[in-house]
Student: 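Quick one: the structure is below, and I'll ask about it shortly.
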Amino acid sequence: MNEVTLYPWRAFWTLYRREMLRFLKVIAQTVFTPLINSTLYLLIFGVSLGANIKLESGTSYLSFLIPGLVMMGVLNNAFQNSSSSIVSGRFSGDLEDLKVVPITPQMILWAMAVGGLSRGLVVGFITFVVGEVFHVTLQGVVTGVAHPMYLLFFLSVGGLAFAMIGISIAFWAKTFDQMSAVSSFVLMPLIYLGGVFFSIGGLHPIWQALAYFNPVLYLINGVRFGILGMSDVDVTTAAIVSIASLVFCYGLALRSLKVASYSRW
Amino acid sequence: MSSEAPILIENLVKDYGEGESRLRAVDHVSMVMRPGEILGLLGPNGAGKTSIISTIVTLEKPTAGRVSVFGFDVCKRPQQTKMLIGFVPQELIHHGYFDVMEILEFHSGYFGRLKNRDRIEWILRELALWDHRNKKVKQLSGGMKRRLLIAKALVHEPKLLILDEPTAGVDIELRESLWRFVGELKREGVAILLTTHYIEEAESLCDRIGILQKGKLLRLAATQELINELTKREIVVKLKGTVKDTVKDTVVPSHPYLVGQSNNELVFQVPSHIGAMDLVIGLGIELSLISDLTIRDGSLEEAMKRVLNDKTVIS
C-alpha cells in the first residue's frame with residue numbers, strides 16, 4: 001500500500017484540547033477548590049499568623065508565602081490533571097481509545113503534560129492575583145514580578161514534571177487508594193517540606209542538609225526568585241536540578257506510556 | 001491499494017501469563033482477508049476471537065507470528081495501521097465528561113481530521129444519533145452507546161472496519177438497522193471483520209466465515225460453501241396414500257438418502273446441491289400421489305456445530 005500520512009501534531013492538539021475541556025467542564029473542583037484553598041492559606045498563614053513572623057531578609061511573611069502558594073497550586077494541579085485523566089479513563093474504558101487511535105506515546109505524554117501545566121498555570125495565576133489582593137490590602141503595594149522569565153521557566157518546568165509524575169503514578173496504581181496514597185504520603189510532604197511556608201535558613205542544620213535532597217525545594221525557590229528576587233538556593237543550581245528532575249520524570253512517564261496496560265480497571 | 005490484503009495473519013500465537021499459568025489464547029493462526037469482504041470470526045467463548053482482534057488493532061502484542069494490515073506490520077508500523085482501521089470494541093465506553101458531538105470531534109482529531117462536521121453529521125444521521133448529539137454518554141441508552149462506538153470507528157473513513165460483538169445486548173430492530181448499515185459500508189468498499197454470537201446474522205451477512213476453537217482456526221471458507229459441505233438438505237415428501245402402498249415397485253425402499261419414514265411421509269437427507277424436484281423425479285413416484293413437499297436447508301449453525309464437534313472435517 002502507498003504510504004499513509006500521519007498527523008502527530010493534530011493528534012497532540014486534539015488530546016490537549018480534550019484535556020483542557022475536561023478540567024474546564026468541572027471547573028468547580030479543578031479551579032475554584034484550589035482557589036478557596038489558597039485563599040484560606042493566605043488568610044490563616046499570611047494574614048493572621050504572618051503578622052507575628054519576622055524573616056531575616058526583612059521581607060513580610062505574606063510576600064514570602066505568595067510564591068510558595070503559587071508553585072504549590074501549579075504542582076498540585078498539574079499532577080491532579082494528568083493523573084485523574086488517566087485514572088478516570090481507566091475506569092470508564094476511555095483510556096483504551098488512546099491505544100487504538102494513531103497517537104504516539106510521545107504525543108500523549110506531551111498533550112497530558114502541557115494540559116496539566118495549563119491547569120496548573122490557571123490555578124497559579126489565580127492564586128497570585130488573590131495573593132496580590134491581600135498584599136495590596138494589607139501593605140498598600142503589589143509584590144510585582146522581579147524576574148518574569150525565571151518565573152515562567154520554573155513554573156513550566158515544575159508543572160510539566162509534576163504532570164509527568166501524575167502520568168507515571170496513574171499508570172502504576174491499581175486502585176484509587178494507591179493513587180491517593182502516593183499523593184498524600186510522597187508528593188504532599190515533598191511540597192510542604194520544599195519551603196512553601198518556611199525558609200530553610202531557619203532550619204536545624206541536619207534538616208537543612210536533608211532539605212537539599214528535595215527537588216521541590218529548588219522549584220519553589222526558583223519561583224520565589226522569579227517573583228521576589230530572593231531564594232534560599234542558588235538560582236543556577238535550582239535551574240539545573242529542576243531540569244534534571246524534569247528529564248527524570250519525562251523518562252518515567254514515557255516508559256509508563258509505552259509499557260503499561262491501557263485496559264480498564 | 002485494493003490488491004493489498006486488508007488483514008494478513010501469519011502463524012499468530014498469543015499467550016497470556018507465564019510458566020504454569022500460561023494460557024495460549026491464539027494458537028498458530030494464519031489467514032488472509034480479501035479486499036472488500038465481510039469476514040466473520042465465530043467460535044465459543046474463549047476461542048480467541050477477541051485476542052486476534054486485539055492484536056490486529058495493536059491493543060495486544062503477538063507472542064509470535066506476524067500481523068499486517070494493508071501491508072503494514074502492526075508491530076513495526078502501528079500508527080499507519082491504526083489510521084486504516086475503525087475499531088468497535090466489545091465493551092461500552094462511558095466518557096464521563098463529554099457529549100456525543102465532542103467525543104466524535106475528538107476521535108476525528110486523533111486521525112488528523114480537525115474539521116469533520118459533515119462526515120460526523122452523516123454518520124450520526126445514519127445511526128439515528130443526530131437528535132442525541134448534545135447528550136452526555138451517561139444519558140444514552142445501551143443501544144445508543146453501542147451505536148456511538150460504531151460512529152467513532154467510522155469518523156475517519158477507515159478502509160477496514162473491525163466489529164467485536166457489535167450487537168451484544170442490542171434489540172432486534174437496531175440489530176437489523178446496524179447490519180443494513182454494515183452492508184452499505186461494504187458496498188463502499190470497506191473490508192469488514194466481525195465477531196458475533198448471533199450465527200444467523202453471520203450467515204446472512206458474511207462472505208466468509210472463520211471458525212475458531214481453543215485458539216485454533218478450525219476452518220475458513222465461504223459461508224455457503226461451509227453450509228453446503230457440512231450440512232444436508234432435508235426433504236420431506238408427504239404422500240396422499242400410505243407409504244407402503246405408494247412406494248412398492250419404486251426405488252424408494254433402497255434409496256441411499258432415505259433416513260426415515262412414517263405412515264404417509266418419507267424423510268430424505270440429501271447433499272445441498274441436489275434439488276427437491278430432482279430427488280422426487282428420481283424416486284419414480286407419480287407426482288399426483290404426492291400431497292406436499294417440505295424442504296429445510298442446512299444452516300451455518302449446524303455447519304459450525306459439526307466443525308466444533310467433529311475434528312475430522314477440519315482441513
Side-chain angles (χ1 to χ4, degrees), chain A residues 1-30 81 84-108 110-112 115 119 257-265, chain B residues 1-6 35 53-54 56-61 68-72 77-99 102-103 105-116 136-138 145 149 152-153 155-156 158-160 162:
Chain A
M1 172 154 188
N2 299 330
E3 269 311 298
V4 171
T5 314
L6 298 174
Y7 302 95
W9 288 106
R10 292 187 193 176
F12 161 83
W13 173 244
T14 302
L15 183 55
Y16 171 71
R17 265 186 52 229
R18 180 177 167 282
E19 287 295 287
M20 292 293 287
L21 197 62
R22 198 182 65 83
F23 90 75
L24 290 173
K25 285 207 174 214
V26 279
I27 202 160
Q29 23 171 321
T30 54
N81 204 61
S84 66
S85 177
I86 289 168
V87 168
S88 65
R90 288 181 84 170
F91 202 66
S92 65
D94 221 355
L95 192 66
E96 272 181 358
D97 263 7
L98 293 181
K99 196 75 177 172
V100 297
V101 297
I103 182 167
T104 59
Q106 191 72 253
M107 287 297 158
I108 298 175
W110 284 108
M112 290 203 160
R119 170 168 153 191
L257 282 161
K258 281 184 176 170
V259 303
S261 163
Y262 287 56
S263 52
R264 63 180 79 203
W265 276 346
Chain B
M1 184 190 89
S2 56
S3 61
E4 207 89 59
I53 285 178
S54 298
I56 300 168
V57 301
T58 77
L59 272 173
E60 301 278 359
K61 283 205 164 75
S68 61
V69 170
F70 290 107
F72 292 108
R77 313 281 299 275
Q79 306 306 330
Q80 281 83 353
T81 306
K82 289 188 259 189
M83 284 295 283
L84 298 165
I85 300 177
F87 172 51
V88 180
Q90 202 173 119
E91 287 187 68
L92 297 175
I93 296 176
H94 303 293
H95 300 285
Y97 302 93
F98 305 113
D99 63 36
E102 286 166 339
I103 288 166
E105 282 179 347
F106 289 139
H107 205 79
S108 186
Y110 295 136
F111 290 87
R113 296 173 183 234
L114 298 177
K115 294 196 192 313
N116 202 15
K136 293 230 167 91
V137 178
K138 62 183 172 198
K145 285 180 189 160
L149 289 181
K152 273 171 66 188
V155 285
H156 60 291
K159 307 271 178 261
L160 167 64
I162 298 180

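Every chain is numbered from 1, with letters handed out A, B, ... down the list of sequences. The shown structure was predicted, so the numbers you read here are calculated from the model rather than taken from an experiment.
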Student: Are any non-hydrogen side-chain atoms of B:Lys159 and A:Val4 less than 4.5 angstrom apart?
Tutor: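 They are not in side-chain contact.
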Student: Distance check, rounded to the nearest 0.5 Å: B:Arg113 atom CZ versus A:Thr14 atom OG1?
Tutor: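 Those atoms lie 12.5 Å apart.
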Student: Parallel, tilted or perpendicular, judged at 30° and 60°: which one describes the rings of B:Phe111 and B:His107?
Tutor: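 Ring orientation, 0 to 90° scale: tilted.
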Student: Quick one: pull up NZ in B:Lys82 and OG1 in A:Thr104 and give me the separation to the nearest 0.5 Å.
Tutor: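 OG1 of A:Thr104 is found 8.5 Å from NZ of B:Lys82.
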Student: In terms of heavy-atom pairs under 4.5 Å with chain B, which of A:Lys99, A:Met107, A:Arg17, A:Glu96 leads?
Tutor: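 The option with the most such pairs is A:Lys99.
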Student: With the side chain counted from C-beta on, respond yes when A:Leu15 and A:Leu98 share a heavy-atom pair under 4.5 Å apart, and no when they do not.
Tutor: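 A side-chain contact exists here, since the closest heavy-atom pair is under 4.5 Å.
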Student: Please name all residues satisfying ring pair (Phe, Tyr, Trp, His ring centres under 6.0 Å) with A:Tyr7, sequence neighbours left out, ordered by chain then number.
Tutor: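 Partners of A:Tyr7 by the ring pair (Phe, Tyr, Trp, His ring centres under 6.0 Å) criterion come out as none, since no residue qualifies.
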Student: Any idea which of A:Leu21, A:Thr5, A:Val100, A:Ile103 has the most non-hydrogen atom pairs under 4.5 angstrom with chain B?
Tutor: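 The option with the most such pairs is A:Val100.
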Student: Do A:Asp97 and A:Tyr262 have side chains that approach each other closer than 4.5 Å (heavy atoms only, starting at C-beta)?
Tutor: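 No. Closest side-chain heavy atoms not under 4.5 Å.
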Student: When heavy-atom pairs shorter than 4.5 Å are enumerated against chain A, which of B:Phe98, B:Tyr97, B:Tyr110, B:Phe87 gives the highest number?
Tutor: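 Winner by heavy-atom pair count: B:Tyr110.
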Student: So which part of B:Ile85 gets closer than 4.5 Å to some heavy atom of chain A, the side chain, the backbone, both or neither?
Tutor: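 The answer is neither part of B:Ile85.
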Student: Checking heavy atoms, do the side chain of A:Ser88, its backbone, both or neither come under 4.5 Å from chain B?
Tutor: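 Only the side chain of A:Ser88 comes within 4.5 Å of chain B.
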Student: Measure A:Trp13 against the heavy atoms of chain B and call it side chain, backbone, both or neither at under 4.5 Å.
Tutor: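 The side chain, not the backbone.
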Student: State, to 0.1 Å, how close B:Pro78 and B:Thr58 come at their nearest heavy-atom pair, and which atoms those are.
Tutor: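 Smallest interatomic distance, heavy atoms only, reads CB-CG2, 4.2 Å.
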Student: Do any of residues 22-29 of chain A come closer than 4.5 Å to chain B, heavy atom to heavy atom, and if so which ones, in number order?
Tutor: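 The list, in residue order, reads A:Arg22, A:Lys25, A:Val26.
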Student: Report which part of A:Ser261 has an atom under 4.5 Å of a heavy atom belonging to chain B: side chain, backbone, both, or neither.
Tutor: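 No part of A:Ser261 comes within 4.5 Å of chain B.
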Student: For the candidates A:Pro102, A:Ala11, A:Pro8, A:Gly93, which exhibits the highest count of non-hydrogen atom pairs separated by less than 4.5 Å from chain B?
Tutor: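 Counting heavy-atom pairs under 4.5 Å, the top option is A:Pro102.
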Student: Give the minimum heavy-atom separation between B:Ala153 and B:Val88, together with the two atoms involved.
Tutor: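 That would be CB-CG2, 3.6 Å.
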Student: Give, for atom CG of B:Leu160 and atom CE of B:Met83, the distance between the pair rounded to the nearest 0.5 Å.
Tutor: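 The distance works out to 14.0 Å.
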